[in-house]
2 protein chains.
Amino acid sequence: MGSSDVASPPTEGSEAPTAAQARIIAAALDLFARYGVGGTSLQMIADEIGVTKAAVYHQYRTKDEIVVAAAEAELATLDAVVATAESEPSRKRARDALVSGIVDLAIDRRRTVGTLLNDPVIGGFFVDHERFRDVMHRLQRLLIGDDAGPQASVRTAMLIAAISGAVMHPFVVDLDDEVLRAELLRLARRFLGLPG
Amino acid sequence: MGSSDVASPPTEGSEAPTAAQARIIAAALDLFARYGVGGTSLQMIADEIGVTKAAVYHQYRTKDEIVVAAAEAELATLDAVVATAESEPSRKRARDALVSGIVDLAIDRRRTVGTLLNDPVIGGFFVDHERFRDVMHRLQRLLIGDDAGPQASVRTAMLIAAISGAVMHPFVVDLDDEVLRAELLRLARRFLGLPG
DNA sequence: GTCTATAGTGCGATAGAC
DNA sequence: GTCTATCGCACTATAGAC
(Lines give C-alpha, C1' and ligand atoms only; values in the text may rest on other atoms or scores of the structure.)
Protein backbone atom coordinates (compact mmCIF):
# COMPACT_ATOMS: atom_id res chain seq x y z
CA MET A 1 0.00 0.00 0.00
CA GLY A 2 1.55 3.25 -1.06
CA SER A 3 4.22 2.07 -3.48
CA SER A 4 4.10 2.78 -7.16
CA ASP A 5 2.09 0.07 -8.92
CA VAL A 6 -1.65 0.37 -8.86
CA ALA A 7 -1.64 -1.33 -12.27
CA SER A 8 -3.74 -0.70 -15.34
CA PRO A 9 -5.23 -4.04 -16.28
CA PRO A 10 -6.46 -4.74 -19.79
CA THR A 11 -9.67 -2.81 -19.31
CA GLU A 12 -11.38 -1.73 -22.50
CA GLY A 13 -10.53 1.62 -24.04
CA SER A 14 -7.32 2.57 -25.79
CA GLU A 15 -4.91 -0.25 -26.63
CA ALA A 16 -2.25 -1.25 -24.12
CA PRO A 17 1.11 0.54 -24.44
CA THR A 18 4.27 -1.35 -25.40
CA ALA A 19 7.23 -1.40 -23.01
CA ALA A 20 8.87 1.53 -24.81
CA GLN A 21 5.63 3.48 -24.73
CA ALA A 22 5.15 2.75 -21.04
CA ARG A 23 8.58 4.22 -20.30
CA ILE A 24 7.68 7.38 -22.21
CA ILE A 25 4.37 7.71 -20.39
CA ALA A 26 5.97 7.24 -16.98
CA ALA A 27 8.64 9.84 -17.73
CA ALA A 28 6.04 12.23 -19.13
CA LEU A 29 3.80 11.95 -16.08
CA ASP A 30 6.72 12.64 -13.78
CA LEU A 31 7.81 15.68 -15.77
CA PHE A 32 4.27 17.02 -16.18
CA ALA A 33 3.96 16.96 -12.40
CA ARG A 34 7.22 18.87 -11.98
CA TYR A 35 6.99 21.40 -14.82
CA GLY A 36 3.43 21.25 -16.09
CA VAL A 37 2.27 19.93 -19.44
CA GLY A 38 3.19 23.05 -21.41
CA GLY A 39 6.48 23.32 -19.56
CA THR A 40 7.59 19.83 -20.56
CA SER A 41 9.41 19.31 -23.87
CA LEU A 42 10.09 16.18 -25.86
CA GLN A 43 13.77 16.74 -25.22
CA MET A 44 13.15 16.55 -21.48
CA ILE A 45 11.17 13.34 -21.87
CA ALA A 46 13.88 11.83 -24.08
CA ASP A 47 16.63 12.85 -21.64
CA GLU A 48 14.67 11.43 -18.71
CA ILE A 49 14.63 7.93 -20.22
CA GLY A 50 18.06 8.27 -21.84
CA VAL A 51 17.17 8.19 -25.54
CA THR A 52 16.96 10.78 -28.31
CA LYS A 53 13.93 12.75 -29.40
CA ALA A 54 13.69 10.71 -32.58
CA ALA A 55 13.26 7.53 -30.57
CA VAL A 56 10.36 9.15 -28.76
CA TYR A 57 8.83 10.25 -32.06
CA HIS A 58 9.01 6.68 -33.25
CA GLN A 59 6.48 5.77 -30.54
CA TYR A 60 4.24 8.82 -30.69
CA ARG A 61 3.90 11.05 -33.71
CA THR A 62 3.28 14.29 -31.84
CA LYS A 63 3.61 15.72 -28.36
CA ASP A 64 -0.17 15.83 -28.16
CA GLU A 65 -0.32 12.07 -28.54
CA ILE A 66 1.98 11.68 -25.57
CA VAL A 67 -0.17 13.99 -23.47
CA VAL A 68 -3.27 12.03 -24.42
CA ALA A 69 -1.60 8.69 -23.74
CA ALA A 70 -0.38 9.89 -20.33
CA ALA A 71 -3.81 11.21 -19.38
CA GLU A 72 -5.47 7.99 -20.49
CA ALA A 73 -2.98 5.92 -18.53
CA GLU A 74 -3.89 7.79 -15.37
CA LEU A 75 -7.56 7.44 -16.18
CA ALA A 76 -7.01 3.70 -16.53
CA THR A 77 -5.68 3.47 -12.98
CA LEU A 78 -8.75 5.27 -11.67
CA ASP A 79 -10.91 2.97 -13.77
CA ALA A 80 -9.22 -0.01 -12.13
CA VAL A 81 -9.98 1.35 -8.66
CA VAL A 82 -13.63 1.86 -9.60
CA ALA A 83 -13.83 -1.60 -11.14
CA THR A 84 -12.41 -3.20 -7.99
CA ALA A 85 -14.98 -1.38 -5.88
CA GLU A 86 -17.78 -2.46 -8.21
CA SER A 87 -16.92 -6.09 -7.61
CA GLU A 88 -17.63 -5.79 -3.89
CA PRO A 89 -20.68 -7.75 -2.75
CA SER A 90 -22.62 -4.97 -1.03
CA ARG A 91 -23.27 -1.33 -1.78
CA LYS A 92 -21.80 -0.32 1.54
CA ARG A 93 -18.59 -2.26 1.02
CA ALA A 94 -18.28 -0.97 -2.54
CA ARG A 95 -18.51 2.60 -1.34
CA ASP A 96 -15.93 2.05 1.39
CA ALA A 97 -13.54 0.37 -1.04
CA LEU A 98 -13.97 3.20 -3.53
CA VAL A 99 -13.28 6.00 -1.07
CA SER A 100 -10.20 4.37 0.39
CA GLY A 101 -9.04 3.34 -3.09
CA ILE A 102 -9.24 6.92 -4.33
CA VAL A 103 -7.42 8.22 -1.27
CA ASP A 104 -4.68 5.61 -1.71
CA LEU A 105 -4.34 6.49 -5.37
CA ALA A 106 -4.09 10.20 -4.60
CA ILE A 107 -1.42 9.62 -1.95
CA ASP A 108 0.47 7.30 -4.27
CA ARG A 109 0.42 9.90 -7.05
CA ARG A 110 0.73 12.76 -4.64
CA ARG A 111 2.55 15.12 -6.94
CA THR A 112 0.96 13.92 -10.19
CA VAL A 113 -2.80 13.78 -9.89
CA GLY A 114 -3.75 17.38 -9.36
CA THR A 115 -1.54 18.64 -12.15
CA LEU A 116 -3.21 16.41 -14.70
CA LEU A 117 -6.75 16.99 -13.51
CA ASN A 118 -6.34 20.75 -13.39
CA ASP A 119 -4.28 21.27 -16.50
CA PRO A 120 -6.46 23.24 -18.92
CA VAL A 121 -5.27 21.27 -21.94
CA ILE A 122 -6.07 17.91 -20.36
CA GLY A 123 -9.27 19.22 -18.83
CA GLY A 124 -10.47 20.29 -22.25
CA PHE A 125 -9.53 16.91 -23.63
CA PHE A 126 -11.50 15.05 -20.97
CA VAL A 127 -14.67 17.12 -21.27
CA ASP A 128 -15.90 15.05 -24.21
CA HIS A 129 -13.87 11.92 -23.47
CA GLU A 130 -16.15 8.91 -23.44
CA ARG A 131 -14.23 6.73 -21.04
CA PHE A 132 -13.64 9.62 -18.66
CA ARG A 133 -17.36 10.32 -18.45
CA ASP A 134 -18.07 6.62 -18.03
CA VAL A 135 -15.61 6.27 -15.16
CA MET A 136 -16.95 9.39 -13.47
CA HIS A 137 -20.52 8.21 -13.78
CA ARG A 138 -19.73 4.79 -12.36
CA LEU A 139 -17.83 6.50 -9.57
CA GLN A 140 -20.80 8.73 -8.87
CA ARG A 141 -23.16 5.80 -8.89
CA LEU A 142 -21.09 4.00 -6.26
CA LEU A 143 -20.78 7.07 -4.09
CA ILE A 144 -24.22 8.53 -4.27
CA GLY A 145 -26.54 6.02 -5.88
CA ASP A 146 -28.74 6.10 -8.93
CA ASP A 147 -30.28 9.53 -8.44
CA ALA A 148 -28.35 11.62 -10.95
CA GLY A 149 -28.83 15.35 -11.47
CA PRO A 150 -26.58 18.36 -10.99
CA GLN A 151 -26.41 17.98 -7.22
CA ALA A 152 -24.90 14.52 -7.49
CA SER A 153 -22.40 15.70 -10.11
CA VAL A 154 -21.23 18.60 -7.99
CA ARG A 155 -20.87 16.31 -5.01
CA THR A 156 -18.80 13.84 -7.01
CA ALA A 157 -16.62 16.51 -8.61
CA MET A 158 -16.08 18.15 -5.23
CA LEU A 159 -14.96 14.96 -3.55
CA ILE A 160 -12.52 14.14 -6.36
CA ALA A 161 -11.23 17.70 -6.41
CA ALA A 162 -10.92 17.76 -2.63
CA ILE A 163 -8.86 14.60 -2.48
CA SER A 164 -6.70 15.13 -5.54
CA GLY A 165 -6.23 18.83 -4.85
CA ALA A 166 -5.53 18.55 -1.15
CA VAL A 167 -2.57 16.17 -1.57
CA MET A 168 -0.76 18.77 -3.70
CA HIS A 169 -1.73 21.83 -1.78
CA PRO A 170 1.28 23.95 -0.79
CA PHE A 171 -0.24 24.22 2.67
CA VAL A 172 0.14 20.50 3.42
CA VAL A 173 3.18 19.79 1.29
CA ASP A 174 5.33 19.03 4.33
CA LEU A 175 2.89 16.54 5.79
CA ASP A 176 3.77 12.88 6.12
CA ASP A 177 1.98 10.51 3.70
CA GLU A 178 0.39 8.40 6.43
CA VAL A 179 -0.90 11.35 8.43
CA LEU A 180 -2.34 12.86 5.26
CA ARG A 181 -3.89 9.56 4.18
CA ALA A 182 -5.65 9.00 7.51
CA GLU A 183 -7.00 12.51 7.67
CA LEU A 184 -8.14 12.54 4.03
CA LEU A 185 -9.98 9.29 4.50
CA ARG A 186 -11.68 10.52 7.64
CA LEU A 187 -12.76 13.80 6.04
CA ALA A 188 -13.82 12.21 2.75
CA ARG A 189 -16.07 9.80 4.61
CA ARG A 190 -17.52 12.62 6.62
CA PHE A 191 -18.16 14.60 3.46
CA LEU A 192 -20.21 11.68 2.20
CA GLY A 193 -22.09 11.40 5.45
CA LEU A 194 -20.54 8.03 6.29
CA PRO A 195 -19.66 6.89 9.81
CA GLY A 196 -16.02 6.77 10.79
CA MET B 1 -22.28 39.32 -7.00
CA GLY B 2 -20.64 37.21 -9.63
CA SER B 3 -19.28 39.85 -11.98
CA SER B 4 -15.60 40.39 -12.46
CA ASP B 5 -14.34 42.85 -9.85
CA VAL B 6 -13.62 41.45 -6.41
CA ALA B 7 -10.91 44.12 -6.16
CA SER B 8 -7.47 43.95 -4.61
CA PRO B 9 -7.37 46.84 -2.15
CA PRO B 10 -4.09 48.35 -0.94
CA THR B 11 -3.41 45.46 1.41
CA GLU B 12 0.22 45.09 2.45
CA GLY B 13 2.50 42.85 0.44
CA SER B 14 3.91 43.55 -3.03
CA GLU B 15 3.47 47.03 -4.45
CA ALA B 16 0.35 47.87 -6.46
CA PRO B 17 0.62 47.36 -10.24
CA THR B 18 0.41 50.29 -12.64
CA ALA B 19 -2.36 50.40 -15.25
CA ALA B 20 -0.09 48.86 -17.89
CA GLN B 21 0.97 46.14 -15.48
CA ALA B 22 -2.62 45.43 -14.53
CA ARG B 23 -3.48 44.86 -18.21
CA ILE B 24 -0.59 42.42 -18.53
CA ILE B 25 -1.63 40.55 -15.39
CA ALA B 26 -5.25 40.30 -16.53
CA ALA B 27 -4.22 38.98 -19.94
CA ALA B 28 -1.75 36.55 -18.39
CA LEU B 29 -4.32 35.12 -15.97
CA ASP B 30 -6.78 34.59 -18.79
CA LEU B 31 -4.20 32.84 -20.96
CA PHE B 32 -2.82 30.76 -18.09
CA ALA B 33 -6.34 29.47 -17.51
CA ARG B 34 -6.73 28.55 -21.18
CA TYR B 35 -3.29 27.16 -22.00
CA GLY B 36 -1.50 26.70 -18.68
CA VAL B 37 1.47 28.69 -17.41
CA GLY B 38 4.07 26.82 -19.45
CA GLY B 39 1.83 26.91 -22.50
CA THR B 40 1.54 30.68 -22.48
CA SER B 41 4.19 32.74 -24.26
CA LEU B 42 5.07 36.41 -23.97
CA GLN B 43 3.99 36.80 -27.57
CA MET B 44 0.52 35.52 -26.68
CA ILE B 45 0.26 37.95 -23.77
CA ALA B 46 1.44 40.83 -25.96
CA ASP B 47 -1.03 39.93 -28.73
CA GLU B 48 -3.88 39.64 -26.22
CA ILE B 49 -3.47 43.26 -25.14
CA GLY B 50 -2.43 44.50 -28.56
CA VAL B 51 1.18 45.50 -27.98
CA THR B 52 4.59 44.05 -28.82
CA LYS B 53 6.73 41.80 -26.68
CA ALA B 54 9.16 44.66 -26.02
CA ALA B 55 6.37 46.69 -24.42
CA VAL B 56 5.63 43.81 -22.10
CA TYR B 57 9.31 43.51 -21.25
CA HIS B 58 9.34 47.16 -20.30
CA GLN B 59 6.97 46.32 -17.44
CA TYR B 60 8.39 42.98 -16.36
CA ARG B 61 11.96 41.91 -17.00
CA THR B 62 11.29 38.19 -17.32
CA LYS B 63 8.39 35.84 -17.87
CA ASP B 64 8.87 34.57 -14.32
CA GLU B 65 8.13 38.04 -12.96
CA ILE B 66 4.83 38.05 -14.81
CA VAL B 67 3.91 34.64 -13.41
CA VAL B 68 4.75 35.80 -9.90
CA ALA B 69 2.82 39.07 -10.31
CA ALA B 70 -0.22 37.19 -11.64
CA ALA B 71 -0.14 34.68 -8.79
CA GLU B 72 0.24 37.44 -6.22
CA ALA B 73 -2.65 39.37 -7.74
CA GLU B 74 -4.91 36.37 -7.30
CA LEU B 75 -3.62 35.86 -3.78
CA ALA B 76 -4.51 39.49 -3.07
CA THR B 77 -8.16 38.89 -4.02
CA LEU B 78 -8.30 35.92 -1.65
CA ASP B 79 -6.63 38.04 1.02
CA ALA B 80 -9.36 40.66 0.55
CA VAL B 81 -12.08 38.04 1.05
CA VAL B 82 -10.41 36.82 4.23
CA ALA B 83 -9.96 40.38 5.49
CA THR B 84 -13.63 41.17 4.92
CA ALA B 85 -14.62 38.07 6.86
CA GLU B 86 -12.27 38.99 9.69
CA SER B 87 -14.05 42.29 10.14
CA GLU B 88 -17.34 40.57 10.98
CA PRO B 89 -18.47 41.03 14.58
CA SER B 90 -18.88 37.39 15.58
CA ARG B 91 -16.97 34.20 14.89
CA LYS B 92 -20.06 32.61 13.41
CA ARG B 93 -20.72 35.48 11.01
CA ALA B 94 -17.05 35.60 10.05
CA ARG B 95 -17.07 31.94 9.15
CA ASP B 96 -20.24 32.26 7.11
CA ALA B 97 -18.89 35.29 5.27
CA LEU B 98 -15.64 33.49 4.53
CA VAL B 99 -17.24 30.35 3.11
CA SER B 100 -19.64 32.23 0.87
CA GLY B 101 -16.88 34.66 -0.10
CA ILE B 102 -14.62 31.83 -1.21
CA VAL B 103 -17.42 30.15 -3.14
CA ASP B 104 -18.28 33.45 -4.87
CA LEU B 105 -14.64 34.00 -5.74
CA ALA B 106 -14.30 30.51 -7.18
CA ILE B 107 -17.43 30.90 -9.30
CA ASP B 108 -16.28 34.32 -10.45
CA ARG B 109 -12.87 32.94 -11.48
CA ARG B 110 -14.33 29.66 -12.56
CA ARG B 111 -11.79 28.86 -15.23
CA THR B 112 -8.82 30.55 -13.55
CA VAL B 113 -8.47 29.49 -9.92
CA GLY B 114 -7.73 25.81 -10.19
CA THR B 115 -5.13 26.26 -12.89
CA LEU B 116 -3.11 28.61 -10.75
CA LEU B 117 -3.43 26.64 -7.55
CA ASN B 118 -2.48 23.36 -9.18
CA ASP B 119 0.22 24.57 -11.51
CA PRO B 120 3.48 22.98 -10.31
CA VAL B 121 5.50 26.12 -10.99
CA ILE B 122 3.16 28.36 -9.00
CA GLY B 123 2.69 25.71 -6.33
CA GLY B 124 6.43 25.58 -5.80
CA PHE B 125 6.54 29.35 -5.64
CA PHE B 126 3.82 29.52 -2.98
CA VAL B 127 5.27 26.83 -0.71
CA ASP B 128 7.62 29.31 0.94
CA HIS B 129 5.66 32.46 0.15
CA GLU B 130 5.12 34.46 3.32
CA ARG B 131 1.89 36.17 2.40
CA PHE B 132 0.41 32.96 1.04
CA ARG B 133 1.07 31.16 4.31
CA ASP B 134 -0.29 34.12 6.24
CA VAL B 135 -3.53 34.18 4.25
CA MET B 136 -3.96 30.43 4.56
CA HIS B 137 -3.38 30.54 8.31
CA ARG B 138 -5.89 33.34 8.78
CA LEU B 139 -8.32 31.42 6.63
CA GLN B 140 -7.79 28.32 8.71
CA ARG B 141 -8.24 30.27 11.92
CA LEU B 142 -11.60 31.59 10.76
CA LEU B 143 -12.76 28.20 9.56
CA ILE B 144 -11.59 25.93 12.31
CA GLY B 145 -10.39 28.04 15.23
CA ASP B 146 -7.10 28.34 17.04
CA ASP B 147 -6.29 24.67 17.36
CA ALA B 148 -3.63 24.18 14.69
CA GLY B 149 -1.95 20.87 13.84
CA PRO B 150 -1.94 18.68 10.75
CA GLN B 151 -5.62 17.82 10.99
CA ALA B 152 -6.65 21.45 10.74
CA SER B 153 -4.28 22.02 7.80
CA VAL B 154 -5.63 19.05 5.87
CA ARG B 155 -9.16 20.21 6.51
CA THR B 156 -8.38 23.70 5.25
CA ALA B 157 -6.46 22.49 2.21
CA MET B 158 -9.24 20.05 1.38
CA LEU B 159 -11.97 22.67 1.51
CA ILE B 160 -10.00 25.08 -0.68
CA ALA B 161 -9.13 22.31 -3.12
CA ALA B 162 -12.71 21.06 -3.17
CA ILE B 163 -14.16 24.44 -4.02
CA SER B 164 -11.48 25.65 -6.44
CA GLY B 165 -11.12 22.25 -8.08
CA ALA B 166 -14.80 21.45 -8.39
CA VAL B 167 -15.62 24.59 -10.39
CA MET B 168 -13.15 23.54 -13.10
CA HIS B 169 -13.89 19.86 -13.09
CA PRO B 170 -14.73 18.50 -16.57
CA PHE B 171 -17.61 16.65 -14.99
CA VAL B 172 -19.49 19.85 -14.05
CA VAL B 173 -18.22 22.11 -16.80
CA ASP B 174 -21.68 22.39 -18.37
CA LEU B 175 -23.38 23.39 -15.14
CA ASP B 176 -24.93 26.80 -14.69
CA ASP B 177 -23.06 29.21 -12.40
CA GLU B 178 -25.96 29.70 -10.01
CA VAL B 179 -26.73 26.01 -9.63
CA LEU B 180 -23.06 25.31 -9.02
CA ARG B 181 -22.76 28.16 -6.53
CA ALA B 182 -25.72 27.03 -4.45
CA GLU B 183 -24.58 23.44 -4.35
CA LEU B 184 -20.97 24.31 -3.54
CA LEU B 185 -22.07 26.51 -0.68
CA ARG B 186 -24.34 23.84 0.71
CA LEU B 187 -21.68 21.13 0.52
CA ALA B 188 -18.89 23.35 1.81
CA ARG B 189 -20.95 24.21 4.88
CA ARG B 190 -21.75 20.60 5.42
CA PHE B 191 -18.09 19.68 5.13
CA LEU B 192 -17.39 22.11 7.94
CA GLY B 193 -20.22 20.72 10.04
CA LEU B 194 -22.27 23.88 9.78
CA PRO B 195 -26.07 23.96 9.61
CA GLY B 196 -27.58 24.87 6.30
C1' DG C 1 13.90 0.56 -31.62
C1' DT C 2 17.37 3.54 -31.72
C1' DC C 3 20.57 6.69 -33.82
C1' DT C 4 22.64 11.30 -36.37
C1' DA C 5 21.50 15.23 -38.74
C1' DT C 6 18.74 18.88 -40.01
C1' DA C 7 14.72 21.77 -41.47
C1' DG C 8 11.77 25.33 -39.96
C1' DT C 9 9.54 27.81 -36.35
C1' DG C 10 8.78 30.35 -32.21
C1' DC C 11 10.79 31.27 -27.92
C1' DG C 12 12.82 34.61 -24.19
C1' DA C 13 15.33 38.46 -24.05
C1' DT C 14 18.01 42.92 -25.52
C1' DA C 15 19.34 47.39 -28.02
C1' DG C 16 18.09 51.62 -29.38
C1' DA C 17 14.74 55.01 -31.78
C1' DC C 18 10.53 57.73 -30.95
C1' DG D 1 5.21 53.39 -22.88
C1' DT D 2 5.58 51.75 -27.16
C1' DC D 3 7.92 50.57 -31.33
C1' DT D 4 11.27 47.87 -34.99
C1' DA D 5 14.81 44.78 -35.40
C1' DT D 6 17.58 41.27 -34.06
C1' DC D 7 20.38 37.64 -31.40
C1' DG D 8 20.94 33.01 -29.92
C1' DC D 9 18.65 29.22 -28.55
C1' DA D 10 15.34 25.35 -27.84
C1' DC D 11 11.54 23.60 -29.72
C1' DT D 12 8.51 20.17 -32.71
C1' DA D 13 8.97 17.33 -36.30
C1' DT D 14 11.11 14.66 -40.30
C1' DA D 15 14.49 11.86 -43.24
C1' DG D 16 17.27 8.14 -43.58
C1' DA D 17 21.10 4.94 -41.73
C1' DC D 18 21.89 0.97 -38.58
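In what follows, chains carry the letters A, B, and so on, assigned in the order in which the sequence lines appear, proteins first and then strands, with residues in each chain numbered from 1. Just so you know, these numbers use all the heavy atoms, side chains as well, and skip hydrogens, waters and symmetry mates.
Only K53(B), A54(B), listed by number, bring a heavy atom of residues 44-56 of chain B to less than 4.0 angstrom from any atom of DNA chain C.
Across the protein-nucleic acid pair, Q43(B) atom CD and dC11(C) atom P stand 6 Å apart, rounded to whole Å. What separates CD1 of I66(B) from P of dG12(C) is a distance of 9 Å, to the nearest Å. R61(B) places its CZ atom 15 Å from the C1' atom of dA15(C), with the value rounded to the nearest Å. The interatomic distance linking K63(A) (NZ) with dG10(C) (P) rounds to 15 Å, in whole Å. In this structure, L42(B) atom CG and dA13(C) atom P are separated by 6 Å, rounded to whole Å.
Annotation: side chain to side chain contact (heavy atoms under 4.5 Å, CB included) contacts of Y35(A) (sequence neighbours excluded): L31(A), T40(A), M44(A). Here A55(B) pairs with V51(B), T52(B) under the side chain to side chain contact (heavy atoms under 4.5 Å, CB included) rule; sequence neighbours left out.
Listed by first and then second residue, the side-chain hydrogen bond (donor to acceptor under 3.5 Å, both in side chains) pairs involving residues 53-63 of chain B amount to none (not counting sequence neighbours).
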Using distance only, find each side-chain donor-acceptor pair of residues 114-127 of chain A under 3.5 Å and give its atom names and separation, not counting sequence neighbours.
| residue | atom | partner | partner atom | Å |
| --- | --- | --- | --- | --- |
| D119(A) | OD1 | V121(A) | N | 2.8 |
| D119(A) | OD1 | I122(A) | N | 3.2 |

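First and last contacting nucleotides of DNA chain D toward chain B (any atom under 4.0 angstrom from a heavy atom, 5' to 3' order): dG1(D) to dT4(D).
A side chain to side chain contact (heavy atoms under 4.5 Å, CB included) with L105(A) holds for exactly one of V113(A), L78(A), T112(A), I163(A); it is L78(A).
A donor-acceptor pair is defined here as one N or O able to donate and one able to accept, closer than 3.5 Å; no such pair exists between the side chain of R111(B) and the backbone of R34(B).
Between the CG atom of L187(B) and the CG atom of L185(B) there is a distance of 9.0 Å, given to the nearest 0.5 Å.
Counting heavy atoms from C-beta on, the side chains of M168(B) and R110(B) never come closer than 4.5 Å.
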